[in-house]
There are 2 protein chains.
Amino acid sequence: MGKGEETRQAILDEAFSLASCIGVSGLSIGVLAERTHMSKSGLFAHFGSKEELQLAVLRESQQRFAEAVLRPALREPRGLARLRAIVVNWLNWTRAVNLPGGCVINAAAAEFDDQPGALREEVKKSLLALRRTLADAVAKAVETGELRRDTDIDQFAFELAGIYQVTQQGRRLFNDPDADRRALVAFDRLVRDNAAIHE
Amino acid sequence: MGKGEETRQAILDEAFSLASCIGVSGLSIGVLAERTHMSKSGLFAHFGSKEELQLAVLRESQQRFAEAVLRPALREPRGLARLRAIVVNWLNWTRAVNLPGGCVINAAAAEFDDQPGALREEVKKSLLALRRTLADAVAKAVETGELRRDTDIDQFAFELAGIYQVTQQGRRLFNDPDADRRALVAFDRLVRDNAAIHE
DNA sequence: CACTGTATAGAACGATCGTTCGTTAATGTC
DNA sequence: GACATTAACGAACGATCGTTCTATACAGTG
């Protein structure tokens with residue numbers, strides 16, 4: 001890795017955790033330069049525009065998500081076990097990765113859902129991909145016979161996303177110590193209602 | 001209503017719908033002055049600080065929410081019917097009120113959950129009050145015997161909030177035409193799982 | 001009509017924003 | 001060691017930010 005790539009990554013590291021706290025749209029070149037002990041222009045040269053920097057942060061987030069949430073879950077056998085692993089990792093990934101202020105993309109979704117442009121499209125792409133990943137994991141649990149054949153997998157993924165969002169809100173805004181437990185209760189109810197009948 | 005109060009309300013109207021699109025933290029005195037055909041200083045005098053303006057927008061939002069969502073639901077008989085009315089009104093209130101860019105407070109929750117201060121506290125207070133309102137409506141449905149006595153009413157409200165959030169995301173970010181339907185499916189499942197047994 | 005307080009305007013402040021430019025320092029190649 | 005390339009800097013740009021101050025217009029009251 002050349003020197004340029006190295007500092008670029010260092011900038012992204014800082015931008016990533018900074019954006020976690022103040023949002024992707026709250027990022028500023030000046031503040032970021034100060035935090036990385038660089039000049040504004042020196043930092044700027046690595047990206048060419050602020051929007052490109054913001055996009056880089058969003059892509060960085062996707063990558064870390066895949067490594068922290070999805071990849072470890074592959075160790076579990078496909079089906080309900082893997083689905084559960086994804087959900088558990090997902091709920092906790094903001095702690096595992098350096099995300100003091102919560103998921104960057106999730107926050108960005110609320111920031112940019114009104115403002116057309118490249119950032120909105122990147123967020124949309126990323127979250128749609130996540131929905132698809134969730135739906136695939138649910139579909140596998142149908143194939144293994146753990147969930148019923150008539151399970152609405154998109155509905156399942158939809159509700160999972162809802163559980164995630166409200167859990168984050170509970171943790172971050174309300175400091176609710178029960179948020180994690182409630183999330184699992186909701187997940188279990190979701191699974192139970194779609195579980196194949198065994199007796 | 002004096003002249004001052006009148007223009008203050010006009011400013012708030014504009015700020016309200018503007019904040020809906022660009023967020024409460026994205027509000028700027030200059031842009032707002034331009035939109036209301038006022039000078040920056042003239043507008044500024046009505047609030048004394050930007051933060052006070054933002055707080056006023058949040059309070060305005062609470063008030064409109066109560067009028068658009070909660071009050072009409074009081075026409076329904078207490079219990080499940082009223083709860084359902086609240087949920088339906090809630091899911092649609094951004095259309096009824098002038099909220100082209102979605103619920104202001106919900107967006108603000110994501111913006112400020114990391115940054116301590118008066119704004120965060122106002123958001124927190126507002127959303128906690130909503131949770132309590134939801135929980136009360138659920139409790140009434142327990143009293144009427146429509147829901148089981150062992151219903152976890154806070155868990156119920158928790159999951160309702162999740163349904164709301166993911167529905168907004170589906171509508172606003174994904175332009176998902178199924179979001180409303182999925183929300184009601186999720187709600188019905190929530191009710192069914194807590195319904196009292198009738199046979 | 002004069003008087004009083006409120007409501008708005010205009011100009012300016014220092015700060016920060018994203019961006020551009022020209023130059024220097026560091027790195028890699030022959 | 002000379003050269004080419006890349007990386008980083010420092011200064012400045014015009015724009016906008018929230019805020020302050022002073023002055024002018026307006027409203028209501030006697």
Side-chain angles (χ1 to χ4, degrees), chain A residues 1-16 18-19 21-60 104 107-108 111-112 115-120 122, chain B residues 1-16 18-19 21-60 104 108 111-112 114-120 122:
Chain A
M1 186 160 63
K3 181 82 166 70
E5 200 56 37
E6 198 172 321
T7 56
R8 189 190 141 102
Q9 191 58 47
I11 295 169
L12 274 183
D13 283 352
E14 188 62 38
F16 183 65
L18 185 57
C21 290
I22 60 177
V24 172
S25 63
L27 283 175
S28 103
I29 309 258
V31 172
L32 203 48
E34 199 175 343
R35 291 223 185 191
T36 53
H37 309 289
M38 289 185 66
S39 64
K40 276 176 30 169
S41 53
L43 187 149
F44 185 85
H46 282 274
F47 301 95
S49 77
K50 183 184 177 179
E51 190 177 47
E52 207 58 48
L53 164 66
Q54 293 173 309
L55 283 172
V57 170
L58 291 180
R59 297 198 190 99
E60 176 78 13
V104 171
E111 294 178 43
F112 298 121
Q115 309 175 66
L119 291 171
R120 189 192 124 108
E122 185 68 29
Chain B
M1 183 161 65
K3 181 80 164 70
E5 200 57 36
E6 198 173 321
T7 55
R8 189 190 142 102
Q9 192 56 48
I11 295 170
L12 274 183
D13 283 351
E14 187 63 37
F16 183 65
L18 185 57
C21 290
I22 60 177
V24 172
S25 64
L27 283 176
S28 104
I29 310 258
V31 172
L32 203 48
E34 199 175 344
R35 291 222 186 192
T36 53
H37 309 290
M38 289 184 66
S39 65
K40 276 178 25 170
S41 53
L43 187 148
F44 184 85
H46 282 274
F47 300 94
S49 75
K50 182 185 177 178
E51 191 177 45
E52 208 57 48
L53 164 66
Q54 293 172 310
L55 284 172
V57 170
L58 291 180
R59 296 197 191 99
E60 176 77 14
V104 172
E111 293 177 44
F112 298 121
D114 287 306
Q115 308 175 65
L119 291 170
R120 189 192 124 108
E122 184 68 28

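Reminder, nothing fancy here: chain letters follow the sequence lines and each chain counts from 1. Values in this document were obtained by computation on a predicted structure and should not be read as measured data.
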> Tell me whether the OP1 or OP2 atom of C/dT6 has a side-chain N or O from B/H46 closer than 4.0 Å.
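For C/dT6, neither OP1 nor OP2 has a side-chain N or O of B/H46 closer than 4.0 Å.
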
> Does a sphere of radius 6.0 Å around CD in B/E34 hold more than 12 heavy atoms from other residues, nucleotides or ligands, not counting ones at 6.0 Å or beyond?
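No, the 6.0 Å shell around CD holds no more than 12 heavy atoms from other groups.
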
> Would you confirm whether B/S39, through its side chain, and B/G42, through its main-chain N or O, come within 3.5 Å as a donor-acceptor pair?
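Between the backbone of B/G42 and the side chain of B/S39 there is a qualifying donor-acceptor contact (under 3.5 Å).
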
> Where do N or O atoms of nucleotides 23-30 of chain C meet protein N or O atoms at under 3.5 Å, pair by pair?
none

> Going by heavy atoms closer than 4.0 Å, what residues in residues 28-44 of chain A are next to DNA chain D?
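Contacting residues: A/H37, A/M38, A/S39, A/S41, A/G42.
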
> Without decimals, in angstroms, what is the distance between A/K50 NZ and C/dT19 P?
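Those two atoms, NZ and P, are 8 Å apart.
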
> Identify which one of B/R35, B/M38, B/E6 satisfies the side-chain contact (heavy atoms from CB on, under 4.5 Å) criterion when paired with B/I11.
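Passing option: B/M38.
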
> Short question: side chain of A/E122, backbone of A/R59 - any donor-acceptor pair under 3.5 Å?
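No: the side chain of A/E122 does not pair with the backbone of A/R59.
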
> Would you check if A/L58 and A/Q54 make a side-chain contact, meaning some heavy-atom pair closer than 4.5 Å?
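Contact flag for A/L58/A/Q54 side chains = no.
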
> Side chains of A/L53 and A/F44: does their closest heavy-atom pair fall under 4.5 Å?
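A side-chain contact is absent here, since even the closest heavy-atom pair is not under 4.5 Å.
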
> Under 4.0 Å between any heavy atoms, over every strand shown, what does B/L53 touch: base, sugar-phosphate, or nothing? Just pick one.
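The residue B/L53 makes no contact with any strand.
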
> Can you check the B/R8 CZ to C/dT6 C1' distance for me, whole Å?
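My rounded result for the distance is 15 Å.
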
> Determine the contact category for B/A45: base if any of its heavy atoms lies under 4.0 Å from a base atom, sugar-phosphate if only primed atoms, P, OP1 or OP2 are that close, otherwise nothing.
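Result for B/A45 = base.
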
> Determine whether the side chains of B/T36 and B/E14 contain a donor N or O and an acceptor N or O closer than 3.5 Å.
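No pair is found: no donor N or O on one side chain lies under 3.5 Å from an acceptor on the other.
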
> If we ignore hydrogens and angles and just use 3.5 Å, is the side chain of B/K50 paired with the main-chain N or O of B/L27 as donor and acceptor?
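Such a contact is found between B/K50 side chain and B/L27 backbone.
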
> Not counting sequence neighbours, which residues clear side-chain contact (heavy atoms from CB on, under 4.5 Å) with B/S49? List them please.
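B/S49 satisfies side-chain contact (heavy atoms from CB on, under 4.5 Å) with B/E51, B/E52 once adjacent residues are dropped.
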
> To the nearest Å, how far apart are A/F47 CZ and C/dT20 P?
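The answer, rounded to whole Å, is 16 Å.
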
> Once you round it to whole Å, what is the distance between P of C/dC17 and CD of A/Q54?
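Rounded to whole Å, this separation is 13 Å.
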
> Rounded to whole Å, how long is the line connecting atom CD1 of A/I11 with atom P of D/dA7?
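The distance from CD1 of A/I11 to P of D/dA7 comes to 11 Å, rounded to the nearest Å.
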
